[in-house]
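Have a look at the structure below, then the notes.
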Amino acid sequence: EVQLQASGGGSVQAGGSLRLSCAASGFSLDGNAIGWFRQAPGEKREGVACIASGLGSTMYGDSVKGRFTISSDISKNTAYLQMNSLKPEDTAVYYCAADPLCVVVLTPELDEFDYRGQGTQVTVSS
């Protein structure tokens with residue numbers, strides 16, 4: 001059974017940092033893409049970041065470039081999202097998702113990714 005177990009998140013003041021983790025089981029990150037999208041109340045889904053683990057290539061949504069960093073540890077089959085310089089507009093439920101292609105993970109409104117983990121709340125106060 002494929003599972004994506006998300007952890008991390010929480011509440012922080014603007015300018016602070018948080019780290020999300022997503023541990024995969026039932027499939028290997030090597031050769032697949034994994035990342036995060038987010039959804040704030042009343043808003044559409046927004047692609048945040050993705051990494052093609054085998055290649056090490058990364059992609060980011062425009063609103064988080066320069067502030068968020070995605071990485072993965074294939075030996076642990078886990079991806080990480082380091083979020084720095086957080087802003088109130090980063091407040092949302094964050095979901096990890098996996099698919100062979102990063103472009104699919106970063107267009108979550110299409111809902112075409114193969115796997116999705118449970119959401120984790122990130123709240124940034126001003």
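Numbers here simply count residues along the sequence, with the first being 1. Side-chain atoms are counted along with the backbone in the values below, which use heavy atoms only and exclude waters and symmetry mates.
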Sequence neighbours left out, what passes ring pair (Phe, Tyr, Trp, His ring centres under 6.0 Å) with [X]? Give chain and number order.
| X | result |
| --- | --- |
| Y95 | F37 |
| F68 | none |
| F27 | Y115 |

**Request:** Determine whether the side chains of Q5 and S7 contain a donor N or O and an acceptor N or O closer than 3.5 Å.
**Result:**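 No pair is found: no donor N or O on one side chain lies under 3.5 Å from an acceptor on the other.
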**Asked** Is the closest basic N to carboxylate O distance between D62 and K65 below 4.0 Å?
**Response**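 Looking at K65 together with D62, the answer is yes, because their closest N to O distance falls below 4.0 Å.
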**Request:** Salt-bridge test for R38 and E46: reply yes if a basic N is under 4.0 Å from a carboxylate O, no otherwise.
**Result:**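 A salt bridge is present here (some side-chain N lies under 4.0 Å from a carboxylate O).
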**Asked** When Ile, Leu, Val, Met, Phe, Trp and Tyr are grouped by side-chain heavy atoms lying under 4.5 Å apart, directly or through other members, which residues fall in the same group as M59?
**Response**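 Noted: M59 shares its cluster with L106.
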**Item:** disulfide bond (SG atoms under 2.5 Å apart) partners of residues 49-91, not counting sequence neighbours, each pair once
**Value:**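 Counting only pairs at least two positions apart or across chains, the disulfide bond (SG atoms under 2.5 Å apart) contacts touching residues 49-91 are C50-C102.
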Could you go through residues 13-25 and list every donor-acceptor pair under 3.5 Å that involves a side-chain atom there, pairing it with any protein atom two or more places apart or in another chain?
residue : atom : partner : partner atom : Å
S17     : OG   : N84     : OD1          : 2.9

**Request:** Treating Ile, Leu, Val, Met, Phe, Trp and Tyr as nodes and any side-chain heavy-atom pair under 4.5 angstrom as an edge, say whether L4 and I51 lie in one connected cluster.
**Result:**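 Yes, one cluster joins them.
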**Request:** Answer yes or no: is there a side-chain heavy-atom contact under 4.5 Å between R116 and D111?
**Result:**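 Heavy-atom side-chain distance check fails, nothing below 4.5 Å.
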**Item:** Within-4.5 Å side-chain heavy-atom neighbours: M83 and V48
**Value:**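 No, too far: nothing below the 4.5 Å cut-off.
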**Request:** Please report the closest heavy-atom contact between G119 and V93, naming both atoms and the distance.
**Result:**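 That would be CA-CG1, 3.6 Å.
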**Message:** With a 3.5 Å distance limit and no angle check, can you tell me whether N77 reaches the backbone of L29 through a side-chain donor-acceptor pair?
**Reply:**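 Answer holds: yes.
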